[in-house]
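None of these values were measured; they are calculated from a predicted model. Residue numbers start from 1 in every chain, and the chains themselves are labelled A, B, ... in the order their sequence lines are given, proteins ahead of strands.
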2 protein chains.
Amino acid sequence: MPVDHFSFSVLDTFKLRYLLNSTWQKTEDAPIFFYTGNEGNIETFAQNTGFMWDIAPEFGALLVFAEHRYYGESMPYSNNSYADLRHLGYLTSQQALEDYVNLIQYLRSKPEYKHSPVIVFGGSYGGMLSAWIRMKYPHIVQGAIASSAPILQFSGVTECEAFLRIVTSDFKTAHPNCPKLIRKSWNVIYNITSNDKGKKWLSDNWKLCQPLKNTSDVKQLISYLEDIYTNLAVVNYPYKANFLAPLPAYPVNAVCKHLTNQSLAGTELLTAIHKAVSIFTNYTRETKCLNLNDSAPELGAVGWSFQACTEMVMPICSDGVNDMFEPRPWNLDEYTKDCVKQYSVKPQPNLVCEQYGCKDLSTATNIIFSNGLMDPWSSGGVLRNLSSSAVAVIIPESAHHLDLRSSDVNDPYSVVLARKYHRFFIRKWIEEYRDKNKSY
Amino acid sequence: MPVDHFSFSVLDTFKLRYLLNSTWQKTEDAPIFFYTGNEGNIETFAQNTGFMWDIAPEFGALLVFAEHRYYGESMPYSNNSYADLRHLGYLTSQQALEDYVNLIQYLRSKPEYKHSPVIVFGGSYGGMLSAWIRMKYPHIVQGAIASSAPILQFSGVTECEAFLRIVTSDFKTAHPNCPKLIRKSWNVIYNITSNDKGKKWLSDNWKLCQPLKNTSDVKQLISYLEDIYTNLAVVNYPYKANFLAPLPAYPVNAVCKHLTNQSLAGTELLTAIHKAVSIFTNYTRETKCLNLNDSAPELGAVGWSFQACTEMVMPICSDGVNDMFEPRPWNLDEYTKDCVKQYSVKPQPNLVCEQYGCKDLSTATNIIFSNGLMDPWSSGGVLRNLSSSAVAVIIPESAHHLDLRSSDVNDPYSVVLARKYHRFFIRKWIEEYRDKNKSY
């Protein structure tokens, strides 16, 4: 794969990994179901996108999962890929889309796939890529299922408060006192850690791998907790799952079971919080101690942090009143300073809306934007139809891209219905493509 | 302007030239009429796109003419821009489109243009860019007048013979014997130049700046003539004009006036050909001698030759039977060899159709594709409606982007009508944009 699809100056190439399964593939012109990989090892997405596997037999489809450059094993400059800006600077969404276009064209160059319609699937950032590849290359991709794709989570489009309010609302739904107690806990943590005795108490009782030493450690602990609450809301699935961490069904409910008694305070509250958080950090009961540096076991964290410092500037903030978090305004100057320090790049908060559009997407066609209302990322999702064939599907009871997961007996009815809707549109897009192809 | 819009590795910038005229601009939210510059000095296009100037008062529009990178004064690396592939490799259509998007966003960032609709105009390659910028950035550009834009003149889409058949047909329309005599002339040239005496006769009588010495010189002479015939067809305007050269009205007719007598042969035929060709080479009567190295006074010839060796691989061929040219098949291998030799690049004949689409453009909206049927480039033009708002306008009596030129008393009625159609659609696009903006 060319490292740079947009010049003739850089001629380096690399190996892009993709997974392919032809078990259910029809003999002729089989539809290609193509997952536009996001920030992580592609195996994770192949394992967590059961919907594609579930429907492949019905459509006789070929399954393809393409890895996003700079993640997993798809390193443009092997071990040097992250060495400096010269090597890392080709980590952009547009280059990744071109990788996928190239791969699709490569597949289609084989006689058996010459007339294969291509349907793309993606969740979260992968869903953004699915929507964008259909918008930019409608002649190559016939339709897109863009699940939980926050393509509107950008400056000047979506208010930064929205995201953490949804997290808070999820906890409130689990138990009205739960977010109140979490909000209360911040000051309790500050108070107890104001002296060495308190720091030791907390470090010992919470089994921190490294005891708290100073204010900066305490701040890290708080941000660690905030990340966990957010992740819990994101993967609040109706059954046991292991996406960001091994978790029970409806983990937010499980957490909030420990946080119902409004009178909890002081060390009692902190003990309850620790129990609650252990649902996320130690559901397997194998964690020996809490490592604050390894808080949210995110996907390709380093790569994403670079993308967030360049194109993917998605403002998130809290006011501590309408949400349960510590008040934290969105500060682009500080954000920029950090990015310059870390990667020598300046974030470009308007780039995504300039490249792909945000406010006027009325020309988009053949895209389903599905969003779960329990998913904090629905704050930046497309929640209204853009056109007659670029439509919004709202799944009230769903967390982050639940519809892309395998069907499960515990699925709420709304996600069962959403998947039916997806299948209906996929079939329609394939038929339209075949009709058009006939007339050539 | 960033040299590379698609990475964070190359951070060089340069000055992109653009011309701006606000004489007729309304005070508020004036439409921006934006010419997407093609392969040449932007002043040439500003001077030859009178249609934009003619209609600016009626729309109260701001006029903007943006120069294409690597042409005119818009050199990314000043004198080194053409030095080697490392510097030249950023000469691509996608980078140019991004230049225009950036410039539009820069203009729109000013309060007076905040709600300005943007209509793009372009002829020929500039028309391709106009169509493509609307396809790729419909959230930024509200509509496009793509005149004589051969977006289908690519491998596997349009037959390579079509182009020169149209040239031939133009000459045949002028006089049925004209293309026959031109076809006859090739062998006469070969015969007479087979000995030194003949070479001298031709060099003297045709006033060549450098006398013919060998077969390669003769081949160059023939290719020189072929280019002139082609250019004559391209700019076969109904009035005196100076686009590729100073020329009389309907220059093909003027040329063919010398080529009506079917019995012309030998040196008599060559004398007639010379007279005919002089219409193109010496209409001003100031040319002292014919310089075969400077045949077609094309626009930015060097830059275009690089683009033709990378993205813009537009196959043109002749069979000498259905056209008046020497038979010359399209040979990609030879073409590639030349490109590798000249620029160390391999042509990518499928790139344009992959990037922008060729066969399935049914999702395009708000584009007028206008083509003159006398224009050889109409061979690769869009001659059928793509959708209800991406429509084809056929101008039977028109040469290359005549509709973009100033109105003239000698204009055929079909071009007058085409311009009315353009104005109707421009008004519609502007109104639709204003309606949509109101609802925000």
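Looking at B/Leu351, the atoms closer than 4.5 Å to chain A (heavy atoms on both sides) all sit in the side chain, from C-beta outward. Heavy atoms of B/Gln95 lying under 4.5 Å from chain A belong exclusively to its side chain. Neither the backbone nor the side chain of A/Arg108 has a heavy atom closer than 4.5 Å to any heavy atom of chain B. The contact between A/Leu11 and chain B is made entirely by side chain atoms (from C-beta outward), counting heavy-atom distances below 4.5 Å. Using a 4.5 Å cut-off between heavy atoms, A/Glu354 contacts chain B through both its backbone and its side chain. Contact of B/Gln355 with chain A is made through backbone and side chain together, with heavy-atom distances under 4.5 Å. The parts of A/Thr310 that come within reach of chain B are both its backbone and its side chain, each placing non-hydrogen atoms under 4.5 angstrom from that chain. With a threshold of 4.5 angstrom between heavy atoms, A/Ser362 approaches chain B through side-chain atoms but not through N, CA, C or O. Of the two parts of A/Tyr343, neither the backbone nor the side chain holds a non-hydrogen atom closer than 4.5 Å to a non-hydrogen atom of chain B.
Cation-pi geometry between B/Lys136 and A/Tyr137 is met: the NZ or CZ atom falls under 6.0 Å from the ring centre, inside 45° of the normal.
By the 4.5 Å heavy-atom criterion applied to side chains, B/Thr363 and A/Arg134 are counted as neighbours. For the pair B/Lys436 and A/Lys359, the minimum side-chain heavy-atom distance is 4.5 Å or more. With a 4.5 Å cut-off on side-chain heavy atoms, A/Cys358 and B/His139 do not count as touching.
Most heavy-atom pairs under 4.5 Å with chain B, from the set A/Arg86, A/Glu311, A/His5, A/Gln348: that is A/Arg86. Of the listed residues (A/Val345, A/Asn350, A/Asn102), the one with the most heavy-atom contacts under 4.5 Å to chain B is A/Asn102. Each of A/Pro138, A/Gly89, A/Gly357 has some count of heavy-atom pairs under 4.5 Å with chain B, and the biggest count is that of A/Gly89.
Rounding to the nearest 0.5 Å places CG of B/Asp4 at 8.5 Å from OG of A/Ser9.
For B/Val10 against A/Tyr90, the heavy-atom pair with the smallest separation is CG2-OH, 4.0 Å. When all heavy atoms of A/Leu85 and B/Phe8 are compared, the closest pair comes out as CG-O, 3.2 Å.
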